[in-house]
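Shown next, in structure tokens, is the structure this report addresses.
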Amino acid sequence: ELNRYPGPIHVLEPAEPPGLTDGQQSEILGIESAMRTGAITLGNAIILAERQLNMRFEHAHMDDETLAAATGEIARLYGELRYTHLRAHLTTRDVLTEEQIAEYDRLRGYGHAEH
């Protein structure tokens with residue numbers, strides 16, 4: 001967001017998005033929808049994995065190997081969630097022109113030097 005990689009929902013937020021064509025608007029809506037779907041799925045998986053980890057401790061069914069596997073899986077899920085979010089910023093940037101990104105930055109109050 002702060003490095004000239006706008007988030008899809010933020011591009012669509014202003015009353016007048018930064019000069020988007022109908023095609024761009026549709027593409028960005030698709031990016032946002034895919035991000036949201038992926039994030040919800042991953043968020044639910046994280047919650048489940050954290051619950052399972054907690055239950056193993058609660059019922060004293062934990063050993064070092066199980067702990068390493070469980071925390072490794074949770075870390076993988078968080079990494080995938082982060083990727084899903086940042087990928088949406090990356091693909092949104094690919095849809096926009098440099099002028100639209102500059103206008104977006106201006107509307108959001110980000111003071112970037114010209115790139």
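Note that these values count all heavy atoms, side chains included, but never hydrogens, waters or copies made by symmetry.
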Legend entry - Cluster link I31 to L20, ILVMFWY, side chain under 4.5 Å: yes
Mind checking the [atom1]-[atom2] spacing from [X] to [Y]? Nearest 0.5 Å is all I need.
X: T21; Y: E27; atom1: OG1; atom2: CD; value: 8.0 Å
X: R108; Y: I101; atom1: CZ; atom2: CD1; value: 14.0 Å
X: Y5; Y: L90; atom1: OH; atom2: CG; value: 6.5 Å
X: L96; Y: R4; atom1: CG; atom2: CZ; value: 10.5 Å
X: T66; Y: H61; atom1: OG1; atom2: NE2; value: 11.0 Å

Legend entry - Side-chain cluster (under 4.5 Å, hydrophobic types only) that I46 belongs to, other residues: L42, L53, F57, M62, L67, I74, L77, Y78, L81
Has the side chain of [X] got a donor or acceptor atom that lies under 3.5 Å from a matching backbone atom of [Y]?
X: S26; Y: D22; result: no
X: Q100; Y: G19; result: yes
X: S33; Y: L29; result: no

Inset, instruction - Kindly check if the number of other-residue, nucleotide or ligand heavy atoms within 6.0 Å of CD (E65) is above 12? - result: no
Legend entry - Residue pairs fulfilling salt bridge (Lys or Arg N to Asp or Glu O under 4.0 Å) with at least one residue in residues 33-51, sequence neighbours excluded: E32-R36
Legend entry - Qualifying salt bridge (Lys or Arg N to Asp or Glu O under 4.0 Å) pairs, either residue in residues 69-97, two or more places apart: E73-R76, R76-E80, R93-E98
Inset, instruction - Determine the minimum heavy-atom distance between V11 and P6, stating which atoms define it. - result: CG2-CB, 3.5 Å
